[in-house]
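First the structure, in the form of structure tokens, and then the observations on it.
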Amino acid sequence: MKRVTTSWVAARSSALGKVRAFISLTKPRQLALLMLTMYGAYFAGGGSLDPRMIGLLTVMGFSSIGGVTAFNMYFDKDIDAVMGRTRRRPLPSGVIGPREALVGSLALVLIGVISAAAINKYVALTVVAGLYFDIIAYTQLTKRFTPLSIVFGSIAGSMPALGGWAAAAGSITTGGVLMALIVFLWQPMHVWFLGYYFREEYSMARIPILPSDGNPRLISTLIAVSLAGLVAVAWAFALYYGYGFITAISTTILAALAVSRMGEFARTGERRDALKLFKFASPIIAVVFILLPLERELVYAVLLG
Ligand code: HEM
Ligand SMILES: CC(C)=CCC/C(C)=C/CC/C(C)=C/COP(=O)(O)OP(=O)(O)O
């Protein structure tokens, strides 16, 4: 009896281990913030609390974004084995086999496309675009060859916001494009400070993540320009739709803070400054995608009654 129980416990713990490992293939923290941009855009675009829609959106977001991320890890298992940051991931460490990862990620992507189509064809379009720009344009065609890969990765990263808005608005309209543009313009800060912090590992894996081999002054200037663009888009949204001024003011303050801290990094090129600025990036995008829907609610529910 004891032997049966032990083998059952062993089997259960290995199955749990597999599930945990597969969840880590979806990069849960990145997945969570990407889903926040999806929900934020959905509610900022006037989306309702209808349970069917919220359910479909949640299944679509988790499975399409998680599936694409797991698919990316399947393709990148060779370079992930080289970098200290990624070598303990389930594929390079062997916890999950390539076939399991491929089948699982494809299943998730399929569920994502189907649930997106159940909402409307524009949301389905954003999922297909996210799949194409992440897996083909970024992972396959550019990530290993040029720092310009960030353009394609950033288009992919902007798709959940566009999809969330399209789910609410029933099509792709100005507000969705502006919110997607905000995510697009946020990504250089997110990617390049992380890339600078891990630049030895990236060069070991021969991944050209940084422009001009990581000149801190150039990186800071380019990120400052992208943040200025982000702030301009936030103000454009507020002026166009008549709500979003608190979001625009908050984004302006946060971007100004980030740029003021970049001066130190531009001068010293210190890795620890790059990490601090990387960590500072996520709250900026979170503020936009939490405040904007709240402001819409405030204006529509309270002021317009
Ligand atoms: C070109 C596009 C992007 C690239 C190259 C990129 C790259 C990365 C990398 C390398 C990490 C570290 C992962 C790890 O070591 O486990 C990361 C973490 C993360 N990413 Fe991205 N990312 C991109 C787009 C996005 C987008 C659009 C979002 C959300 C809107 C996002 C949210 C996050 C979050 C929340 C984390 C975890 C941050 C932390 O640990 O503090 N990423 N990303
Ligand atoms: C609607 C939809 C499906 C959108 C896709 C959203 C999505 C998954 C965006 C992520 C973009 C991206 C390039 C991440 C980094 O990968 P990396 O390989 O550079 O990161 P790593 O080095 O940590 O593996």
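We count ligands from 1, going down the list as the structure has it; atoms in each ligand are counted the same way. Note that the structure is a prediction, hence the values are computed from the model and not measured.
- Between L33 and I285, some side-chain heavy-atom pair lies under the 4.5 Å cut-off.
- At a 4.0 Å cut-off, not a single heavy atom of F152 sits close enough to ligand 1 to count as contact.
- At a 3.5 angstrom cut-off on N or O pairs, Y138 counts as close to ligand 2.
- Residue T86 places no N or O, backbone or side chain, under 3.5 Å from any N or O of ligand 2.
- Ring-centre distance between Y241 and F237: below the 6.0 Å cut-off.
- Considering only non-hydrogen protein atoms, atom 18 (O) of ligand 2 sits nearest to K143 NZ, 2.8 Å.
- When the heavy-atom distances from atom 9 (C) of ligand 1 to I207, N72, I65, L194 are ranked, the shortest goes to L194.
- Ring centroids of F193 and Y197 are separated by 6.0 Å or more, keeping the two rings apart.
- At least one heavy atom of R89 sits closer than 4.0 Å to an atom of ligand 1.
- Close approach to G153 involves these atoms of ligand 2, each under 4.0 Å from a residue heavy atom: 11 (C), 13 (C).
- At the shortest separation from atom 28 (C) of ligand 1 among protein heavy atoms lies W186 CZ3, 3.5 Å.
- Between Q30 and ligand 2, not a single N/O pair is under 3.5 Å apart.
- Relative to the ring axis of Y196, R199 places its NZ or CZ within 45° and under 6.0 Å from the centre.
- The distance from ligand 1 to the heavy atoms of Y202 drops below 4.0 Å at these ligand atoms: 10 (C).
- Taking 4.0 Å as the cut-off between side-chain N and carboxylate O, R89 and D76 do not count as a salt-bridged pair.
- Of the protein's non-hydrogen atoms, G130 CA, 3.8 Å is the one closest to atom 2 (C) of ligand 2.
- Near G153, meaning under 4.0 Å from one of its heavy atoms, ligand 1 places the atoms 1 (C), 2 (C).
- By the neighbour-count criterion of 12 heavy atoms within 6.0 Å, atom CG of D50 is densely surrounded, having more than that number from other residues, nucleotides or ligands.
- Of all the heavy atoms of M83, none lies under 4.0 Å from any atom of ligand 2, so neither backbone nor side chain is involved.
- For atom 22 (O) of ligand 2, the closest non-hydrogen atom of the protein is R85 NH2, 2.8 Å.
- In this structure, atom 41 (O) of ligand 1 lies nearest to the protein heavy atom K279 NZ, 3.0 Å.
- At least one N/O/S atom of Q30, from backbone or side chain, sits under 2.8 Å from atom 21 (Fe) of ligand 1.
- Nearest non-hydrogen protein atom to atom 4 (C) of ligand 2 is A156 O, 3.5 Å.
- Counting heavy atoms closer than 4.0 Å to ligand 2, residue T139 contributes nothing at all.
- Atom OG of residue S149 and atom CD1 of residue I209 lie 5.0 Å apart, to the nearest 0.5 angstrom.
- Residue contacts with ligand 2: T126 is placed with no nitrogen or oxygen under 3.5 Å of a nitrogen or oxygen of the ligand (distance criterion only).
- Between atom CE of residue M38 and atom CZ of residue F43 there is a gap of 9.0 Å, rounded to the nearest 0.5 Å.
- Residue contacts with ligand 1 include Y138, since one of its heavy atoms falls under 4.0 Å from the ligand.
- Residue S154 has no N or O atom closer than 3.5 Å to an N or O atom of ligand 1.
- Under a 4.0 Å criterion applied to the non-hydrogen atoms of V68, ligand 2 contributes the atoms 3 (C).
- Between K27, R29, M35, it is R29 that holds the heavy atom closest to atom 40 (O) of ligand 1.
- Here F265 and W192 keep their ring centres 6.0 angstrom or further from each other.
- Evaluated by nearest non-hydrogen atom to atom 8 (C) of ligand 2, the leading choice among I155, L162, D134, V113 is D134.
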Carefully, step by step, assess T58 and Y39 under the rule side chain to side chain donor-acceptor pair (under 3.5 Å).
CA-CA 9 Å; T58 303; Y39 287 122; 2.6 Å; yes
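- Judged by the shortest distance from any of its heavy atoms, I285 lies outside the 4.0 Å radius around the atoms of ligand 1.
- Within the cation-pi definition used here (under 6.0 Å to the ring centroid, within 45° of the axis), K276 does not qualify as a partner of F280.
- In terms of protein heavy-atom proximity, atom 23 (C) of ligand 1 is closest to H190 CD2, 3.5 Å.
- At the shortest separation from atom 24 (C) of ligand 1 among protein heavy atoms lies Q187 OE1, 3.3 Å.
- Considering backbone and side-chain atoms together, R89 places an N or O closer than 3.5 Å to an N or O of ligand 2.
- Atom CZ of R217 has 12 or fewer heavy atoms from other residues, nucleotides or ligands within 6.0 Å.
- At a heavy-atom cutoff of 4.0 Å, ligand 1 is contacted by no atom of M38, backbone or side chain.
- Distance from atom 20 (O) of ligand 2 to its nearest protein heavy atom, with residue and atom name: K27 NZ, 3.2 Å.
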